[in-house]
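Below is one structure, written out as structure tokens, with a few remarks after it.
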Amino acid sequence: MDKLGLVRDIDLALHLPLRYEDETHLTPLAGAHDGDTVHVEGVVRDARIELRPRRQFIVRLTEAGPDGLLGRTELVLRFVNFYPSHQKTFATGARLRVRGELRAGFFGREIVHPVFKTVTQGAPLSHELTPVYPTSAQLPQAYLRKAVAAGLARARLDEILPLDFLPPQLPSLREALHVLHHPPAGVAMHTLQEREHPAWQRIKFEELLAQQLSQLQAQRERARLRAPMLRAAPDGLAAKLLAALPFALTGAQQRVSAEIAADLARPQPMNRLLQGDVGSGKTVVAALAAAVAIDAGWQCALMAPTEILAEQHFRKLLQWLTPLEIDVAWLTGSRKGKARTAMVDKVASGEARLVVGTHAVIQGDVVFERLGLAVIDEQHRFGVAQRLELRRKLAMQKLEPHLLMMSATPIPRTLAMTYFADLDVSTIDELPPGRTPIVTKVFSADKRGQVIARVRDEVAKGCQVYWVVPLIEESEALDLQNATETHQQLGAALPGTLVGLLHGRMPPAEKAAVMALFSGGQIKVLVATTVIEVGVDVPNASVMVIDHAERFGLAQLHQLRGRVGRGAVASVCVLLYSGPLSQTGRDRLKAMAETTDGFEIARRDLEIRGPGEFMGARQSGDALLRFADLAHDNILLDHAREVAPRLLDRHPEAAQQQIQRWLGGKIDYLKA
Ligand code: ADP
Ligand code: MG
């Protein structure tokens, strides 16, 4: 029960059915069609173990009418798995009610493995629908039903919200919960299943409101914090960096840089998400912000989720900032011993002005002299726990640092509003000039030979190629085999060409060496697992082949594809799939071939997968909305957004109770 998060009575009361079973009436077999779920009463005429076509237990029932009298219609119950107790239950003459899907079977119309219950003639039917709850394998429905009913009876369900804060014409919370747990016979089942029933509306509104309240509260708490005011001097470091860049900022980069600069100059900590498609040039925007912080006499930390990505940033920043005499430090998990101690000392003394690395930057013994700005790249890949750790760490200073998060997975507006109501969002909606759009082609795996031939041609023209193989989560061994086999195969098919291999379980130094050879152009074809997914920047790479593309999520495919098309050459992305594809699989690859716009892809991804999965893939268990669906409940969401500030102002206690009731122990996570 604890595993399901069912700790308090209110948690049990809010554990709502997935669906219902209808045992409030019997289904006359005469009017039923194959494929229908039926509920039938009957008397056993015959029951025996048959050996043909295979060993199974076959029960022949004669249907009883609503009056309990026997008719002529027969129904076969078939059990492939059965126990001696079955033979007792289904003794000839026994009267039962059975439920299951009707189908045409070998022995006549049948139900395979029905749900069954022995009854006496004239036994009353249930007067309410039977709830089926989400559960885990170990927890039987019957047990859960009892526990939920008990929790529902004990839970305090008095109305917290003043009437004028509710959308009109919804039942009270208590009524709503009673209807959903025990719907009376005759209620339109589809309004429950589709979650349209007023009882559902009430529950979803409550949930949305609790979430809006907690976000709003976090935002107000943050507004009370103090941060250093970091102002860019007209001829300061940022201006010098701009002047030294080999390119001019795009309009979008200028706009977001101005938004960030305005935040940095304020005495409240910035909490901003910088989103922009892959290749839109977020790094230079971060570098400019860092220059402002450093110029004002503060330190800056830049964190990336992987060493490869952190190292790419490090190189770029070294190249841009060293000429300006800014000391850039490097800190990752693999850096140990003396080198690490020396670096940690430099951070503590303030000598290191900019620290780049993985989340090792904020771990354990690392203390900043005065941290003014923290930048997190690909923040969605930082787990909730890491974000909380960061917050805790940052809160150790008297003045809080400013926080800039960067993401190449654009978050659609409704999601940003609900999940990140506490964040300000800046968007780079324009790519630097001179990029040629990537052409994406989808091929079935039997065209693999042709694809390899194409790779050979491209290499001959001087291009570099990524060949990505999927990570098979269930089996590291298989994953590796997959990568090494592909590596060997391509090596053999491309004589005289240096083919590299990069995967997650290589030691960091080896990974760095392979990346350096690829960046340097010696390695022409790089076989890689998804370690290259984010951020890697090799402009001469113009072909990407993604093996088993059907196994990747849309956002991931988009990230991967963003590794090419970074230079002026026309780039190609080949998606190789192994059939047969599911409908979702087809939709995904089609979306990839049709558009290269990250925002459009995010929108389709959201449509295909739903918001829970879209947001939570890497943080499963913290799905923050259980019941409301942002794609469909926007009217309720608008209402919740509208009343939340008023409730917090005028009825602060009610607001707290509402947050507690719905979010309980999850509140911490919301602030992450
Ligand atoms: P991302 O937003 O995916 O992190 P990067 O910051 O890695 O993108 O930028 C991608 C590439 O574009 C880098 O090589 C970067 O130097 C280059 N770049 C960034 N801004 C511009 C610009 N305004 N004009 C030309 N090239 C740019
Ligand atoms: Mg990047």
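Just so you know, ligand 1 is whichever comes first in the structure, and atom 1 is the first atom listed for that ligand.
Under 4.0 angstrom from ligand 1, there are no non-hydrogen atoms of Pro539. Contacts between Gln253 and ligand 1, counted as non-hydrogen atom pairs separated by less than 4.0 Å, involve the side chain only. Within the 4.0 Å heavy-atom criterion, the part of Leu249 lying near ligand 1 is the backbone and not the side chain.
Heavy-atom proximity to Thr250, at under 4.0 Å, picks out these atoms of ligand 1: 23 (N). Those atoms of ligand 1 that come under 4.0 Å of a heavy atom in Thr283, given as number and element, are 4 (O), 5 (P), 6 (O), 7 (O). Listed by atom number, the atoms of ligand 1 under 4.0 Å from Pro432 heavy atoms are 20 (N), 21 (C), 22 (C), 24 (N), 25 (C), 26 (N), 27 (C). Near Val278, meaning under 4.0 Å from one of its heavy atoms, ligand 1 places the atoms 3 (O).
Asp345 is linked by a side chain to side chain donor-acceptor pair (under 3.5 Å) to nothing, counting only residues two or more places apart in sequence or in another chain. With sequence neighbours excluded, no residue satisfies side chain to side chain donor-acceptor pair (under 3.5 Å) with Gln254.
In the displayed structure, Arg448 atom CZ is contacted under 6.0 Å by more than 12 heavy atoms of other residues, nucleotides or ligands.
Ligand 1 has a nitrogen or oxygen under 3.5 angstrom from a nitrogen or oxygen of Gly281. Taking distance alone, with nitrogen or oxygen atoms compared against 3.5 Å, Pro433 stays at or beyond that limit from ligand 1.
For Gly276, the heavy-atom gap to ligand 1 stays at 4.0 angstrom or more. Taking a 4.0 Å cut-off on heavy atoms, Ser280 registers as neighbouring ligand 1. For Ala248, the closest heavy-atom approach to ligand 1 falls below 4.0 Å. In this structure, Lys316 is part of the shell of residues with a heavy atom less than 4.0 angstrom from ligand 1.
Using a cut-off of 4.0 Å between Lys/Arg side-chain N and Asp/Glu carboxylate O, Lys282 and Asp377 are scored as not salt-bridged. Salt bridge annotation for Arg266-Asp263: present, with a cationic side-chain nitrogen under 4.0 angstrom from a carboxylate oxygen. Looking at Arg604 and Glu594, a side-chain N of the basic residue comes within less than 4.0 Å of a carboxylate O on the acidic one, giving a salt bridge.
Within the 4.5 Å cutoff, no side-chain heavy atoms of Gln253 are placed close to those of Arg255. Between Val455 and Leu490, the closest side-chain pair of non-hydrogen atoms is not below 4.5 Å.
A donor atom on one side chain and an acceptor atom on the other are not found under 3.5 Å apart for His313 and Glu311.
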